[in-house]
Engineer: 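One structure, pasted below without further comment.
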Amino acid sequence: MFQKVLVANRGEIAVRIIRACHELGIKAVAIYSDADRDALHVRYADEAYHCGEAPSAESYLQAERIVEIAKRAKVDAIHPGFGFLSERAFFVDLCGKAGITFIGPDGSVMKAMGDKVTARQMMQKAGVPIVPGTTETLTDDEAEVWAKKIGFPVMVKATAGGGGKGMRLVHKEADLHAALQRARSEAQASFGDGSLYIEKFVEEPRHIEIQVMADGYGNTVHLFERECSIQRRHQKVIEEAPANRMTPELRDQMGKAAVAAAKAVNYCGAGTVEFLVDKHNHFYFLEMNTRIQVEHAITEAITGIDLVKTMIRVAAGEKLPFAQEDLAISGHAIEARIYAEDPDRNFAPSPGPILLYREPGGIGIRLDSGVYQGATVTVYYDPMVAKLIAMGRTRAEAIERMRRALSEYVVQGIKTSIPFHQRVLRHPKFIEGKYDTGFIETHSEELSLKDGDANSEEALRVAMMAAAIAAYRGAKEMSEKAHAPSAKGAEAPWKAFGRRTQMRGALR
Ligand code: MV4
């Protein structure tokens, strides 16, 4: 097993990975930008190194500098988390050249799956159902021929795309030419590659993805599905596992398809195979994500498997500690992504200092957060500050617990998406489990209403806030007595706070 791992990330996922390292007896090394000197992940790490200025391009995306830090810190491996360098093949190669293990798949797999046309070709060959459409990039003329052949409506997509960028829905032939031009220039500007392909438009689709895990000895399993259809502008808001309207047969077929997909590319580590599922429960391969994902915790909740620890283990050369027949679903889990955004001002970013903060807890609740009371949320990085995960024996119980936990969660100083989540969790269509990727847009008016039904939850929130204020005053008083004149402020933040025992004195 590794002795020391560098976590090339920040925020809640960096904390999550550091926790996994500590459980495995691995020393964790953090990196931090100018904006993150006092960030939570720095305090959890055993060592921390400055990696540049606040903008990501000057810090968390500085691949060569990060590898240099890794060499200086004498780590065995780098965990990239998600975002930043996690899906950059050149970074995997850079790690390899430095003799450092990249915790994730080969760069070649990343490259193949990053190119959506190559991915479609490989999946088709592996017998995985893909959305009807082309498996080559197209000129405008070819696109017109194909669009007519496939039949409108069609989706024009960027080969280098993913996540909705450079994508256009085209309803009729007359609109195709303009759509191709706009998609091409958007793709060129975003990815430096204007290549396009075409798919048949799948109506009212649900986004259902399968978690896979593979070792370096040819063992590949799936850990069932997550439903991620509650999205806003291609940003996931709420995820749940297992999926709504799933059947044992469909689960088995999709699981087998995902394992076939992973095997076809010789996958190693944690990965996700994304599918669109139409109203007839037909499923189609969309993309494969070659990283640990934000929503991995709901799979951990229903399977009992620690995905982050497992991916570290297989990267260190261990065999998968479980087989497909050892895995089963138990209960239901829902995740709410807590964003530093104002849902009542069109989800505008809401940076600033967190003045008052108290996390929910209790039975069936997990909170993976990257912030604390007194921390400052900046504009430089992703606005997601925490993930709230509620688990129950049934979906109804998970919903009850999520509502209860949302009402306990106190965040003052910045606006968050908590009130929006409360509205989703009260929406009849959500409660019924009958929704698709159009849910937020379709119900945007109801979801912007601050309805009266919230009263009892509001009362609980006010009570929780009063308790948090009282606790803050008490802790501040105690802390002032305990920490009278101290020289700690002069030390590097990670020296002052790095020892995990000191987290107990977090309220200052
Ligand atoms: C589609 C589609 C319908 N038909 N492709 C959006 C993001 C990117 N990953 C793929 N996306 C879609 N591709 C075909 N052929 C509908 C979407 C889509 C979507 C997919 C998943 C989750 C949310 C979505 C919201 C709007 C559109």
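All ligand and atom numbering here is 1-based and tracks the order in the structure. When reading the values below, keep in mind they use all heavy atoms of this one structure, side chains included, and skip hydrogens, waters and symmetry mates.
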Engineer: Could you pull out every protein residue that has a heavy atom closer than 4.0 Å to ligand 1, ordered by chain and then number?
Structural biologist: V131, M155, K157, G163, G164, M167, E199, K200, F201, V202, H207, Q231, H234, L276, L286, E287, T437
Engineer: Give a yes or no on whether a salt bridge exists between E335 and R366, defined as a side-chain N under 4.0 angstrom from a carboxylate O.
Structural biologist: no
Engineer: Does any pair with a residue in residues 101-114 pass side-chain hydrogen bond (donor to acceptor under 3.5 Å, both in side chains), and if so which ones, sequence neighbours excluded?
Structural biologist: none
Engineer: For residues 144-158, which side-chain donor-acceptor pairs fall under 3.5 Å, sequence neighbours excluded?
Structural biologist:
from, atom 1, to, atom 2, distance (Å)
K148, NZ, E173, OE2, 3.4
K157, NZ, E199, OE1, 3.0

Engineer: Considering only NZ, NE, NH1 and NH2 on the basic side and carboxylate oxygens on the acidic side, decide whether E240 and R395 come within less than 4.0 Å.
Structural biologist: yes
Engineer: Output yes when D436 and K279 qualify as a salt bridge under the 4.0 Å nitrogen-oxygen rule, no when they do not.
Structural biologist: no
Engineer: Quick one: list whatever passes side chain to side chain contact (heavy atoms under 4.5 Å, CB included) with A398, sequence neighbours left out.
Structural biologist: H332, I334
